[in-house]
Amino acid sequence: MKTIRSLDELNQFRDEIVEEKKRQAGLGKVQLVVGMGACGIAAGALDVWKAIEQQIKAGHLMDVLLSQTGCIGLCPHEPILEVTVKDAPKVTYGRVTPEIVNRILKEHVLGGKVVEEFVVDTTPFPTI
Amino acid sequence: MKVIRSMVLVSVDETSLARGAQDVFRAFLDEIEKFGLSDQIAVTTILDPGVHGDTPLVIVYPDSAVYAPVTVADVHTIVEEHLYKGNIVPSLLAMMHELVPEIGWMRGRRGALPVQKRIVLERVGVVNPESIEDYILYDGYQALAKALTHMKPAEVISQVEKSGLQGRGGAGFPTGRKWSFVANTPGFPKYVICNADESEPGTFKDRLVLEGDPFSIIEAMTIAGYAINAHEGYIYIRGEYPLAYKRIENAVHQAEAHGLLGDHLFGTDFSFHIHPHAGAGAYICGEETALIESLEGKRGMPRARPPYPTTYGLFGKPTVVNNVETLANIPPILRNGAVWYREIGSPKSTGTKVYTILGNVNFTGAIEVPMGITIREVIDIYGKGMKNGKKLKLVQSGGSSGSIAPASLQDVPMDFDSFRNAGVSLGSGALLVCNEDTCVVDLARVILRFFRNESCGKCTPCRIGTLQLYEIVSRIAEGQGTLADLDAMVRISEAMSEVSNCGLGQTAPTALLDILKYFRAEVETHIVDHVCPTGVCTALKHSLVSAPVE
């Protein structure tokens with residue numbers, strides 16, 4: 001584990017992280033992010049997570065980065081799954097279930113076609 | 001479906017009426033009709049916007065443009081230019097200096113929508129909360145590095161003081177001043193405590209930060225430790241937040257492993273250690289002295305104050321106790337400077353506030369907006385309107401111990417000062433929105449039952465008072481109340497506010513007193529007529545006139 005002893009080392013470490021992110025993005029991996037705040041988990045985010053993991057283990061998904069994040073504040077839409085395919089803008093799915101996840105993985109992640117019916121408005125709140 | 005895109009408010013207080021507000025109101029209806037906008041624009045009246053200068057006054061939402069004084073002759077121009085073409089009419093806008101601050105601040109936005117601005121929640125929902133790499137990628141630890149290597153502790157405190165940051169736990173005490181108290185108090189060791197015992201019903205802003213961006217709290221506490229010369233910090237996390245505890249614990253381990261927490265940080269002599277601590281489910285432990293007692297391993301009961309924790313805190317040593325949201329503001333302030341922070345929010349209440357919206361609105365959730373947004377804006381813009389088109393009756397701000405603001409106060413900007421002037425406390429940021437179907441007696445009963453259960457029992461006014469108030473309100477809800485009960489409740493409430501030992505007893509009757517102030521008639525009809533107008537109190541009649549049998 002890297003130990004940071006100065007501001008320079010911090011910035012150097014940060015640059016390494018940026019490089020690593022770029023490298024991964026360059027590989028064209030699909031990013032899947034599950035909202036895993038307590039609200040998301042209460043709404044079933046763990047099942048969503050497991051469903052994706054299962055697909056990865058079964059070898060149906062290659063080049064996928066699965067990650068988690070906290071609650072973004074859109075509680076009625078939980079569980080939330082964000083899908084970013086290469087350079088395309090991030091797509092946010094709401095009220096996702098394991099069944100819906102399998103459809104999204106098949107149609108969007110593998111097929112490249114956004115599953116419109118489960119997409120939620122990503123900017124329901126105006127932001128600066 | 002009819003979509004109201006704009007709203008026109010005409011002031012109808014006495015002076016406005018004397019100066020023809022009624023004609024202005026009618027002229028707006030006529031002109032809007034002429035332009036065929038009746039379906040899109042609502043015209044309504046506002047009783048007392050607190051104006052003392054030129055009246056009548058007209059506010060146009062969502063642009064928050066304030067026109068004054070408005071005459072019938074001006075109405076055509078406002079409707080054509082502003083409502084039809086979408087351009088604010090600068091020549092008719094009210095003069096800034098003639099407006100009271102409550103209205104004047106709106107102009108400061110220059111007709112802009114009160115949009116979200118995320119400082120506290122900047123990384124929440126964006127980064128992986130269990131990865132220090134993600135945190136560092138998004139500016140993490142820049143503030144600590146800057147503080148430790150480029151600033152003296154006194155400079156850190158002065159930056160925080162200059163930023164105008166006020167405590168976000170509810171009381172709004174200036175954070176910088178609290179830090180300087182502790183820094184200037186002799187004694188060693190000193191301690192930093194993060195109050196993460198967020199137990200106020202309806203509030204979950206701190207949970208979002210703890211679960212979504214735990215490293216920011218670790219960094220902020222370390223900065224606080226450097227500023228006041230403390231080497232130990234404690235995070236007291238609410239027992240019902242196991243995920244928050246897990247993530248904070250993980251964040252502490254990761255920070256330690258990277259040398260960002262522990263001994264000789266950033267190559268300096270400064271060392272800091274953080275100990276997460278889980279509460280056991282007592283509401284009272286959110287009170288800072290009870291929290292300290294609980295941390296010391298004793299029963300969670302508040303101490304007598306003074307001495308305040310700044311002089312006699314944890315283990316009798318000078319201690320800073322800060323709320324989670326307060327701490328989350330620290331790294332951005334140090335990174336961007338106090339001047340940057342002061343530009344956000346209203347002049348007297350700087351920065352943003354995280355609100356959790358719940359109740360009878362279409363969209364519940366959490367938002368972070370600059371200080372000074374109004375209740376109307378929160379409900380219309382972020383809550384996406386009242387559920388099922390029902391009317392707003394009241395809003396309780398700040399959880400069960402918070403005040404109740406009737407619908408008439410929905411245009412008061414939500415910052416510490418304006419709310420205090422309006423007799424409302426901003427509290428912790430929970431906004432419970434209640435529609436016309438809410439019975440105030442029932443609401444008071446629910447709130448008082450909570451306090452009856454949570455009173456720690458140490459001091460008499462709170463222990464007996466919460467019980468008595470609950471029993472009286474229950475009696476009223478069941479049709480057994482008397483008018484004398486109302487006076488008794490006020491007497492008990494005032495005694496509790498004045499002589500209770502801590503915030504719990506002092507604020508327990510807040511909502512009840514507000515209900516008696518704004519909704520006394522509704523309470524009285526429960527007693528005198530045995531009628532619950534909303535039909536919530538099932539022991540009573542729904543209406544004075546019985547419904548015809550069909």
Side-chain angles (χ1 to χ4, degrees), chain A residues 1-22 24-25 31-43 45-46 49 65-78 80-82 84 90 92 94 120-128, chain B residues 113-118 121 123-131 133-134 136-137 139-142 144-146 148-150 204 207-214 240-244 247 254 257-260 264-267 354 356-358 362-370 381-382 384:
Chain A
M1 194 76 76
K2 193 175 172 65
T3 319
I4 294 158
R5 287 273 162 238
S6 70
L7 181 56
D8 287 342
E9 282 182 28
L10 177 69
N11 287 332
Q12 198 187 329
F13 185 46
R14 185 180 171 167
D15 291 343
E16 282 169 26
I17 299 165
V18 173
E19 285 307 313
E20 174 62 18
K21 292 265 168 184
K22 271 191 201 154
Q24 285 177 352
Q31 282 190 46
L32 301 176
V33 180
V34 184
M36 299 272 264
C39 43
I41 292 172
L46 271 180
W49 181 273
L65 284 174
L66 178 59
S67 170
Q68 62 171 350
T69 192
C71 166
I72 198 164
L74 306 177
C75 307
H77 290 324
E78 297 283 0
I80 287 173
L81 171 67
E82 297 172 343
T84 316
K90 181 170 77 186
T92 306
V120 294
D121 189 358
T122 43
T123 52
F125 301 152
T127 317
I128 280 179
Chain B
L113 272 172
V115 288
Q116 281 227 76
K117 180 155 182 70
R118 293 196 163 202
L121 299 181
R123 278 176 292 259
V124 176
V126 178
V127 301
N128 180 350
E130 297 184 8
S131 150
E133 283 88 0
D134 262 23
I136 290 172
L137 185 64
D139 297 332
Y141 283 105
Q142 296 287 335
L144 179 65
K146 187 177 168 187
L148 288 184
T149 56
H150 289 86
F204 54 94
R207 179 171 62 74
L208 297 184
V209 181
L210 295 166
E211 288 175 2
D213 194 14
E240 291 88 339
Y241 285 178
L243 183 66
R247 293 211 170 133
Q254 285 200 29
H258 284 83
L260 294 166
H264 303 294
L265 301 175
F266 285 92
V354 180
T356 49
I357 311 168
L358 47 153
N362 283 321
F363 202 90
T364 55
I367 58 165
E368 182 179 352
V369 285
I381 300 169
Y382 300 105
K384 306 211 165 205

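Naming convention: chains lettered A, B, ... in sequence-line order (proteins, then strands); numbering from 1 in each chain.
The minimum heavy-atom distance between A:Val18 and B:Leu137, with the atom names listed, is CG2-CD1, 3.4 Å. Of all non-hydrogen atoms in B:Leu243 and A:Met36, the two that sit nearest each other are CD2-O, 3.6 Å. Across all non-hydrogen atoms, the minimal contact from A:Ile4 to B:Phe266 is CG2-CE2, 4.2 Å. A:Gln68 and B:Pro129 make their closest contact through O-CD, 3.8 Å (heavy atoms, listed as atom of the first residue, atom of the second, distance). Nearest heavy-atom pair across A:Leu10 and B:Ala145 is CD2-CB, 4.1 Å.
Between chain A and the options B:Ile136, B:Leu121, B:Asp134, B:Leu265, heavy-atom pairs under 4.5 Å are most frequent for B:Ile136.
B:Lys146 has its side chain out of reach of A:Leu7: every pair of non-hydrogen atoms, C-beta onward, lies at least 4.5 Å apart. Using a 4.5 Å heavy-atom threshold, the side chains of B:Asp139 and A:Arg14 count as touching. Within the 4.5 Å cutoff, the side chain of A:Pro76 has heavy atoms near those of the B:Thr364 side chain. With contacts defined as side-chain heavy-atom distances shorter than 4.5 Å, the pair A:Lys21/B:Glu133 does not qualify.
Proximity to chain A (any heavy atom under 4.5 Å) is restricted, for B:Val127, to the backbone atoms N, CA, C and O. When heavy atoms are compared at a cutoff of 4.5 Å, B:Phe204 approaches chain A solely by way of its side chain, counted from C-beta outward. Within the 4.5 angstrom heavy-atom criterion, only side-chain atoms of A:Ile41, from C-beta onward, approach chain B. Looking at B:Asp213, neither its backbone nor its side chain comes within 4.5 Å of chain A, counting heavy atoms on both sides. Heavy atoms closer than 4.5 Å to chain A are found in the backbone of B:Val126, but not in its side chain.
Here the CG-CG distance, from B:Asn128 to A:Leu65, works out to 11.5 Å after rounding to the nearest 0.5 Å. If you take SG on A:Cys75 and CG on B:Leu358, they are separated by 9.5 Å, rounding to the nearest 0.5 Å. Here the CZ atom belonging to B:Arg207 is positioned 5.0 Å from the SG atom belonging to A:Cys39, to the nearest 0.5 angstrom.
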